[in-house]
Novice: 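First the structure, then my questions, so here it is.
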Amino acid sequence: MKALPNSCCAVCDMSDARGLTTTRLSTGELVIVCGNHELMYKRSSKTVASRSELRAMLRDRRRSYDRRSLQIDELGAQLSEAFSDERRAASDRRR
Ligand SMILES: [Zn+2]
């Protein structure tokens, strides 16, 4: 669906018409969003009833997603480190 001219993403205010599309709120209202935020909204299991809710959800989501993935990376690194130590210890014991 083509976005209207002179419009911008309801979440990030991106106004490049080539990257804009629309999404539907739980109220049935069409809201203009960029492709990224349309995808993020589609992927989230939540629905929102207003532009401001959409904005709050997708902005918070991006922040918490960044934080979470960073923590997972750190945890993953610690785990694989601990795991390889354990494996090394185990194979040392077997020798
Ligand atoms: Zn956007």
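Quick note: numbers below take in every heavy atom, side chains included, and nothing from hydrogens, waters or symmetry partners. Just so you know, these numbers come straight off a predicted model, no measurement behind them. Both ligands and their constituent atoms are indexed starting at 1 by order of listing.
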Novice: Would you mind reporting whether Leu54 and Val33 have side-chain heavy atoms less than 4.5 Å apart?
Specialist: yes
Novice: I'd like to check the side chain to side chain donor-acceptor pair (under 3.5 Å) partners of Asp16; sequence neighbours left out, ordered by chain and number.
Specialist: Arg18
Novice: With a 3.5 Å distance limit and no angle check, can you tell me whether Ser26 reaches the backbone of Val48 through a side-chain donor-acceptor pair?
Specialist: yes
Novice: Are Met57 and Met40 side-chain neighbours, meaning at least one heavy-atom pair lies under 4.5 Å?
Specialist: no
Novice: Hey, which protein N/O/S atoms does the Zn ion (ligand 1) have under 2.8 Å?
Specialist: Cys9 SG, Cys12 SG, Cys34 SG, His37 ND1
Novice: Under 4.5 Å between any side-chain heavy atoms of Arg55 and Asp13, yes or no?
Specialist: yes
Novice: I'd like to check Cys8 versus Ile32 (side-chain heavy atoms, cut-off strictly below 4.5 Å). Are they in contact?
Specialist: no
